[in-house]
Amino acid sequence: MSRGASPDRAPSGWRVIQAGLVGIAAGLVGVAVSRALFGPTAAPLGVVVGALALSLGTLLSWRVQGRRRPPESTRLPRTLRLRRRLHPVAWPGPVAGTVVTLAAWAGVSHSSGSGWVQVVGALLAAFLFVGLAAPAWPARRARVACTAVPTDGRAGSPLELTLRSDRPVRVRPVYPGGPDHQAGGSQHGARTFVLPVTPARRGVLDAVVVEVASSAPFGLLWWAREVELPLPRLLHVAPRTGPSGATITTGDDTPGEARPRVPSGIGEPRGIRPYAPGDPRRAVHWPATSHAGILMVRESERPTDDPVYVELTLPHDPAAAEAEAERMMSGISDCLARNQPVVLASLEATGRVVRPVADRVDLGRRLARAVPA
Amino acid sequence: MTLWQRFVEVNRPGPPEHSISFRAASVAAVLVGIGACWSEGLLSPAVTVFAVAATVIGNVIAYRRRAAPWPGVKPVLAVCAIGGFVWFILTVTRTATPGDIATVEGPLAVLFAWVLSTHAFDVPSRRDVTYSLAGSTALIAVAAAQSVDLALGIWVLAWVGCGVWGLVAMWQSLSETRGVPWLPLLGAGALVAVAAVLLVGVLPAPRVSTALVFTSSAANSSPVDSPSSLTDGSGALPAHAASPAGRTGVGGFLGFAKSLDTGDRISLGNQVIMRVRASRPNYWVGQTFDQWTGQSWVQSTYPVNGHRTQKITGGSPFTIPTYPDQVAELAQGQEDIQTFYLSTGGPNLVFHADNAQRVYLQARALQVTPDGTIASTLSMGSGTIYTVVSDDTDGSPAQLQAATAPVTSGGAPGATAPPTSTVLTASEQARYLQLPHAYPRVTTLASEITAGISNPADPDPHTYDKVAAIERWMTTHVHYTTDIPPLPAGADTVDSFLFGTRTGYCEQISTATVVMLRTLGIPAREAVGYVPGPYDPITDLYDVQAKDAHAWVQVWFPGYGWQNFDPTATVPLANPTPGSVLARSVGHSLARLPWVPIGLVVAVVAVVVWVRRRRSHRPATWAHQVAADLDRGGARLGIERRPDETISAYGARLARAAPVEGAGLPGATGLVERAVYGGVEPSADQIAGALAVSRRFRGIPRRRRRDRGPDGPSTGTQDREWARASSNDAPAASSGR
């Protein structure tokens with residue numbers, strides 16, 4: 001999905017139903033209020049008030065439904081569905097408890113004939129309503145931004161994001177996952193905190209998804225919404241390092257793509273030794289061979305000045321691609337540990353890239369950017 | 001996870017709660033509840049002191065041991081709780097009066113106080129503290145059920161304050177914030193108050209249950225030495241019969257005596273005499289008078305048709321006999337349950353709505369006279385509570401018209417009186433048609449008033465029509481006032497009133513009405529009692545004040561008994577809704593406010609605040625002003641500045657999008673960049689020109705979304721500056737919205 005795409009709208013039928021429900025609820029409230037204030041004889045006035053409330057409620061619900069959604073990141077998994085809309089978390093229990101409590105209280109207070117019991121019941125209902133509904137406001141108004149992120153990470157290893165929030169909220173990493181964090185501190189003003197996340201897979205992230213939740217002011221119910229936080233810079237998540245000793249298949253450098261890229265100065269001469277199986281034929285030292293009568297080869301400080309050419313081909317299956325990337329990570333890391341230069345050919349989003357791997361960090365980035373054919 | 005595992009998981013104790021503020025609020029809420037119960041007399045001082053001490057000490061110990069609670073505390077508390085319930089059940093079964101909820105509320109309050117004070121010893125985690133906070137609601141509710149005045153309001157307000165404090169403190173603990181949360185406290189408190197007021201406004205008035213409100217109490221009461229007389233309410237033991245040397249000079253108390261002297265002038269104030277909870281508002285009659293002397297009303301003492309005053313014994317509830325003239329066989333009434341809470345000592349009269357059937361009063365006996373007056377053998381001290389169950393037999397105008405329709409062969413179709421066996425005997429008729437002397441002028445006046453009410457279809461006016469006509473005449477031809485001169489000695493009240501000043505209050509008006517009706521041959525009598533006073537939407541009680549003492553007319557209709565008529569007061573047909581009363585009270589209060597000065601002050605404050613905000617948001621330099629104008633105009637176009645975009649690039653983009661309005665933007669933005677980053681300070685004319693260009697662009701007409709160009713809106717506009725400001729080293733950060 002490209003940036004600036006048209007807003008993603010919920011199905012129109014559901015929008016109509018939601019708008020209708022909101023409007024009906026508003027209308028009922030309007031009728032009840034007008035009846036209570038003006039008595040049962042003011043039914044026509046109640047109808048007018050109810051109709052106005054119904055219309056305003058419907059308009060409000062349409063406006064809320066029609067809010068434009070921001071374009072999604074290009075680097076988040078397409079299967080990730082964000083719950084951008086504000087929603088209560090684990091609401092059945094608190095709501096059911098509230099309904100049962102108030103229903104029981106209403107039954108007792110209404111038949112007790114005591115106005116004070118009804119007043120206390122109204123206060124209790126007010127507490128519960130405010131506690132259940134009020135957190136939606138701070139949860140919606142909360143602003144969270146990512147201010148600092150490391151450039152590199154590794155799948156399965158935690159890394160720390162520096163976030164900034166304008167009010168006390170609970171932040172839960174959704175993608176990548178991680179533990180909840182309470183952005184506490186002072187009552188007012190912005191606060192900075194570190195949010196540990198653990199990417200599950202390799203990749204390049206330009207945004208993370210977190211759930212921002214609030215239960216202010218009473219802590220009875222959490223309201224949350226998932227937001228996409230753009231990262232200040234790209235985060236390369238390298239694959240895990242697979243089991244050591246993984247063999248990597250060198251690629252066919254017949255086209256000679258790797259040769260021009262071989263840096264000079266690799267493989268300072270060290271001496272002459274007898275040929276051992278596996279030595280490249282280019283290392284044969286013919287003058288020493290003629291003198292020794294056996295095949296002699298040049299030995300360099302570094303095993304060879306010829307880089308290992310590795311062709312990375314990732315399968316389309318994400319799990320298999322991840323496994324392949326991990327294997328490559330392990331194998332090429334071993335090469336690098338032996339000071340074996342490696343030229344890695346991989347396919348990235350911008351196209352095919354054939355380039356030597358400078359170090360382990362560069363390897364992680366290359367593997368993070370690699371995409372299936 | 002199995003159900004048992006889930007049960008165990010849910011009931012697993014949580015982490016210890018460290019918030020002292022939360023715990024303090026919970027303790028305070030429980031203490032307020034205990035205090036409220038004590039103030040309503042539900043808890044004795046000893047129980048109150050114990051509950052308070054146990055709550056405070058228990059919470060302190062629980063706080064200290066919160067990390068490692070004693071393992072044996074739960075079994076001990078469980079035993080205590082079970083013991084409390086057993087005590088409650090035994091107490092209620094032993095002492096409770098069936099149907100009297102008040103006898104259950106006391107032990108219930110003790111039980112709640114016991115449970116909460118023992119629970120205080122085991123509140124290690126947040127959930128336990130929350131349970132304590134919620135438990136205080138039960139104490140307040142029990143106190144509320146007992147309260148009949150607004151004094152409980154102080155406790156309720158304190159409880160609300162503790163509740164808001166406690167819940168906000170709980171949220172603070174959850175969210176790991178510190179500091180005093182003034183804004184959440186005040187905001188939440190205001191929200192709760194507004195929501196509660198709205199709820200009270202829309203809730204219907206509580207209905208009086210037929211099974212729960214037969215309340216009675218005989219506090220501060222003393223036996224009457226002469227039950228056939230009315231006491232003076234002085235509180236002496238025994239209560240003496242009132243005498244002419246008493247407070248009112250006529251041998252009665254606050255207007256109620258053996259006779260009603262219409263020449264007497266008594267000023268009654270706003271003192272609350274009693275509070276009444278009733279199924280519907282009504283005339284609460286205390287006495288009726290049938291003998292008119294020309295100046296005073298007197299009750300007949302001779303038996304009528306053999307009926308004398310009856311003494312009803314047997315204890316509460318007392319079944320009131322129905323005398324023949326009270327039979328209302330055609331009326332299909334509903335039960336009207338009234339509970340009277342006396343605030344001051346009063347006469348030993350049992351006020352009630354007409355047709356009382358049962359009386360719940362802690363007395364040994366009642367005296368019931370043939371006219372329906374009920375007197376107690378106990379003087380009614382302050383705090384006395386009694387309940388009366390009456391049969392509401394008020395007839396509608398159509399029913400009453402039909403009840404007295406003449407049965408003649410030439411009558412209009414359908415104009416036949418409904419069959420009824422209740423008729424006034426000759427002695428009863430004589431009683432209720434009695435006049436001390438002929439009233440020729442009154443007779444003429446009454447005839448004139450009722451002469452023009454017939455119609456061609458029904459030339460013979462019915463009794464109801466005559467009564468209604470006289471009632472209407474009274475409404476329009478007399479002036480109600482309590483400031484009238486004393487009646488001259490020997491003068492007739494009715495003659496002086498009708499043919500003199502025609503000013504008076506309920507006694508004169510009702511007496512004149514009764515006399516006029518009697519001259520027309522309509523049985524009528526004088527009734528005195530109370531009309532409903534102001535309705536309190538909080539307590540759902542009528543606050544009956546001394547000035548609500550009233551006199552009105554009762555007219556007899558066959559099949560419907562005595563019906564109330566009153567030219568001077570109107571009793572609503574039903575209890576008002578709390579919301580309507582609140583709205584009227586608020587409306588009256590608002591109308592009395594001096595809106596002009598208040599409006600001026602509010603306007604001045606608003607202007608000052610607006611000016612200060614504008615000054616604080618004013619851009620520091622001309623370059624900032626140009627940038628702000630571009631941002632504003634760009635927002636109207638739907639083109640927002642990207643994080644990595646320079647001002648000149650942005651200006652160029654705006655100029656392409658709006659060639660006419662943004663013609664000078666590239667020049668202005670270039671000037672800004674050279675000044676800010678190049679150190680080239682432009683001239684005053686150049687600055688003025690740039691500002692003029694940006695200001696003109698700022699007012700560009702807003703474009704609809706579909707008219708916007710390819711440079712559509714990007715995300716996070718409103719928060720870009722905030723996010724940028726919040727990140728010192730992340731120039732491209734933007735917030736999630």
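In what follows, every chain begins at residue 1, and chains take the letters A, B, ... in the order their sequences are listed. Keep in mind that the numbers below use all heavy atoms, side chains included, and drop hydrogens, waters and symmetry copies.
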Return the CZ to CD distance between R170(A) and E176(B), rounded to the nearest 0.5 Å. 11.5 Å

Just wondering, more than 12 heavy atoms not from L150(B) lying within 6.0 Å of its CG? yes

Any side-chain heavy atom of V160(B) within less than 4.5 Å of one from F127(A)? yes

d(R167(A) CZ, L183(B) CG) to nearest 0.5 Å is 9.5 Å

Roughly how far, to the nearest 0.5 Å, is the CG atom of L124(A) from the CG atom of L199(B)? 10.5 Å

Identify which of P184(B), A195(B), S175(B) forms the greatest number of heavy-atom pairs closer than 4.5 Å to chain A. S175(B)

Locate the shortest heavy-atom distance separating A188(B) from P217(A); write the atom from each residue and the value. CB-CG, 3.7 Å

Name the member of V194(B), V168(B), I538(B) that forms the most heavy-atom pairs with chain A at distances under 4.5 Å. I538(B)

Please check if atom CZ in R178(B) has more than 12 non-hydrogen atoms from other residues, nucleotides or ligands closer than 6.0 Å. no

Can you name the closest pair of heavy atoms from W105(A) and A141(B) and give their distance? CH2-CB, 3.4 Å

Can you name the closest pair of heavy atoms from A122(A) and V200(B) and give their distance? CB-CG2, 3.6 Å

Spatial distance of atom CH2 (W159(B)) from atom CG (L123(A)) [nearest 0.5 Å]: 6.0 Å

Interatomic spacing from CH2 in W116(A) to CG in L152(B) - rounded to 0.5 Å: 5.0 Å

For the candidates V164(B), L185(B), V148(B), which exhibits the highest count of non-hydrogen atom pairs separated by less than 4.5 Å from chain A? V164(B)

Contact between F129(A) and V192(B) at the side-chain level, heavy atoms closer than 4.5 Å - yes or no? no

Is L174(B) close to S215(A) at the side-chain level, that is, under 4.5 Å between some pair of heavy atoms? yes

Output for pair (S173(B) OG, Q182(A) CD), nearest 0.5 Å, gives 9.5 Å

For A144(B) against V120(A), the heavy-atom pair lying closest together: CB-CG2, 3.9 Å

